[in-house]
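Right, one structure below, let's go through it.
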2 protein chains.
Amino acid sequence: MGTTGDVGTDMRSQLVAAAVSLLAEEGPGVIQARRLAREVGASTMAVYHYFGGMPQLLTAVREEGFRRLDARLSEVAITDDPVTDIGRLGLAYRQVAWENPHLYDLMFGLSTPGGYRPEAHAPPAESDGSSSQRAYTHLVDAAARAIRAGRVREQDPDSVAAQFWSVLHGYVTLELSGHLDQLDGLNQVLIPMGINHLVGLGDAPEDATNSLERINTANAES
Amino acid sequence: MGTTGDVGTDMRSQLVAAAVSLLAEEGPGVIQARRLAREVGASTMAVYHYFGGMPQLLTAVREEGFRRLDARLSEVAITDDPVTDIGRLGLAYRQVAWENPHLYDLMFGLSTPGGYRPEAHAPPAESDGSSSQRAYTHLVDAAARAIRAGRVREQDPDSVAAQFWSVLHGYVTLELSGHLDQLDGLNQVLIPMGINHLVGLGDAPEDATNSLERINTANAES
DNA sequence: CGCATTATATAACCTTGTTATGATACGTTG
DNA sequence: CAACGTATCATAACAAGGTTATATAATGCG
């Protein structure tokens, strides 16, 4: 543990947790060394002792965000309808983003609250590759199941998953930034877009519609 | 003039232009009142005299970004194949984002380089609504043409355009943030995703494929 | 126990947004 | 034309926040 996904009660985890909470409650403007330290009852030195500086702390916050996303996607049950599963993954993904929009923004944005970068231009395949990759894996697995079930044409599941992710991420960020305010986002954009995409991937229109209509039912087996 | 879209040579335009250039060349970390002022040979007071502060200046930079996006999308010709037009709009959109990723991030991100917000939580329908809406209109028009041509099922063009935008924006941001580095983004994600989406919208698979294969040809009429 | 390492606190330093104040340029007006 | 007011710009000071230096406690270990 420690390097794994548990929360922990040490100073590192406390600071990250405080940053996550403050992001949700007061926005990125209050993510400051002094504020975080005060929040956990320590001095600013804690930030430098445990992280090295604010950029590294923000990197840790970003990784925590991906861990939480992964945890939430892990809760989505695997049923005998992989297309319904995909829809539920999408809903869960959207929900995570809405619960802490600024955390989501930090996870995927190029800039950071302080103006510095989260760790240099290093490809995400290194630092947060493992965490963001884990969340991504849920989509790959679901895509693979849909292909095995004959709902999606035979092809590389990675490519399909990347398409799902693009659609989801694009919708979520546009919705969060208010660019879709004139529409009923869920029913006029996300759901039809999901159906359209699935039909293009090979699913029958009625099947895709029926499967996605089930996404709001209890998240139980079969 | 002034309130319209021309570049201009006054101090306001110079500061915005400097910010846009610096974003592209050195990233969001150097978007500072002192640096911008030095860049245009003025004192920091220029920022406050012409904008009121850094948040308002960043709002102006964001609007300039949308103006440039609109200008680039306006250059995409309207041909007799609306699906090809949509593909070319997508390519142009992606190109604009790649030419200045940090500007694109500023336009759509929730955070800003300095940690402050670009103008409060005001819905984008007010300040940059006009500029971002203008760029969005290109997609709505193309969607309407595709519907009129029978390539897309009869439906609300706004909904279709929002779907295109989500797909595009999601793909572009994931690509920019390096999350699609293991794939050939264009050929494994964007193009097939576009075809899948169009097929789901009602286009015939061969027609969608053929139309999107034309997007790289000269951007001329017919 | 003695010592090295870790952990924490205090204070100072530097950069940056901002404000206060003053000087200059320029158009307007009596 | 001269005086005035406004717009423009520069300088300097202030405040907030990241960072560093340094000192002090706590902890582990031989």
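Per chain, numbering begins at 1; letters A, B, ... match sequence-line order. Quick caveat, the model's predicted, so the values are computed rather than measured. Note that these values count all heavy atoms, side chains included, but never hydrogens, waters or copies made by symmetry.
- Rounded to a whole Å, the CE atom of A/Met11 is 10 Å from the P atom of C/dA7.
- No contact: A/Ala46 has no heavy atom under 4.0 Å from any strand.
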Begin from the C-alpha positions of B/Tyr104 and B/Trp98 and carry the test side-chain hydrogen bond (donor to acceptor under 3.5 Å, both in side chains) through to its verdict.
CA-CA 8 Å; B/Tyr104 187 83; B/Trp98 270 98; over 6 Å; no

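- Atom NE2 in B/His49 sits about 19 Å away from atom P in C/dG22, given to the nearest Å.
- You'll find the side chain of A/Leu23 reaches within 4.5 Å of the side chain of A/Pro28, heavy atoms only.
- The aromatic rings of B/Phe66 and A/His179 lie tilted to each other, with the angle between the two planes from 30° to 60°.
- For A/Asp10 and C/dT6, the CG to C1' distance is 14 Å, given to the nearest whole Å.
- At whole-Å resolution of the value, CZ in B/Arg38 and P in D/dC9 are 18 Å apart.
- In this structure, B/Asp105 contributes its side chain and A/Leu110 its backbone to a donor-acceptor pair below 3.5 Å.
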Can A/Arg72 and A/Glu99 be said to form a salt bridge (Lys or Arg N to Asp or Glu O under 4.0 Å), step by step?
CA-CA 12 Å; A/Arg72 289 289 288 276; A/Glu99 282 165 8; 2.9 Å; yes

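- Across D/dT11, C/dG17, D/dT8, the shortest atom-to-atom separation from the side chain of B/Met54 is found for C/dG17.
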Can you give me the N/O atom pairs linking the protein to nucleotides 13-16 of chain C at distances under 3.5 Å, or say none if there are none?
{"residue": "C/dT16", "atom": "OP1", "partner": "B/Gln32", "partner atom": "OE1", "Å": "3.1"}
{"residue": "C/dT16", "atom": "OP1", "partner": "B/Gln32", "partner atom": "NE2", "Å": "2.6"}

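- Rounded to an integer number of Å, the gap from B/Arg12 CZ to D/dC9 C1' is 17 Å.
- An angle of 10°, rounded to 10°, separates the two end axes of the helix from C/dC1-D/dG30 to C/dG30-D/dC1, each defined over five pairs.
- For A/Asn196 and B/Gln163, the side-chain atoms include at least one donor-acceptor pair closer than 3.5 Å.
- Comparing C/dA7, D/dC9, D/dT19 against the side chain of A/Tyr50 picks out C/dA7 as the nearest.
- Within 4.0 Å of B/Gly52, counting heavy atoms only, lies no atom of the nucleic acid at all.
- Under the side chain to side chain contact (heavy atoms under 4.5 Å, CB included) rule, B/Arg12 has a single partner from B/Val16, B/Leu15, B/Asp10, which is B/Asp10.
- Across all their heavy atoms, A/Ala146 and A/Ile86 have their closest contact at CB-CD1, 4.2 Å.
- At a cut-off of 3.5 Å, with distance as the only test, a side-chain donor of B/Thr217 or B/Arg88 sits close to an acceptor on the other residue.
- Looking at heavy atoms from C-beta onward, A/Tyr50 lies out of side-chain contact with A/Leu57 at the 4.5 angstrom threshold.
- Taking atom CG of residue A/Leu22 and atom P of nucleotide D/dG17, one finds them 13 Å apart after rounding to whole Å.
- Salt bridge status for A/Glu26 with A/Arg35: present, with a side-chain N to carboxylate O gap under 4.0 Å.
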Where protein sits on nucleotides 22-28 of chain D, one letter per nucleotide: B base, S sugar-phosphate only, - none, heavy atoms under 4.0 Å:
-------

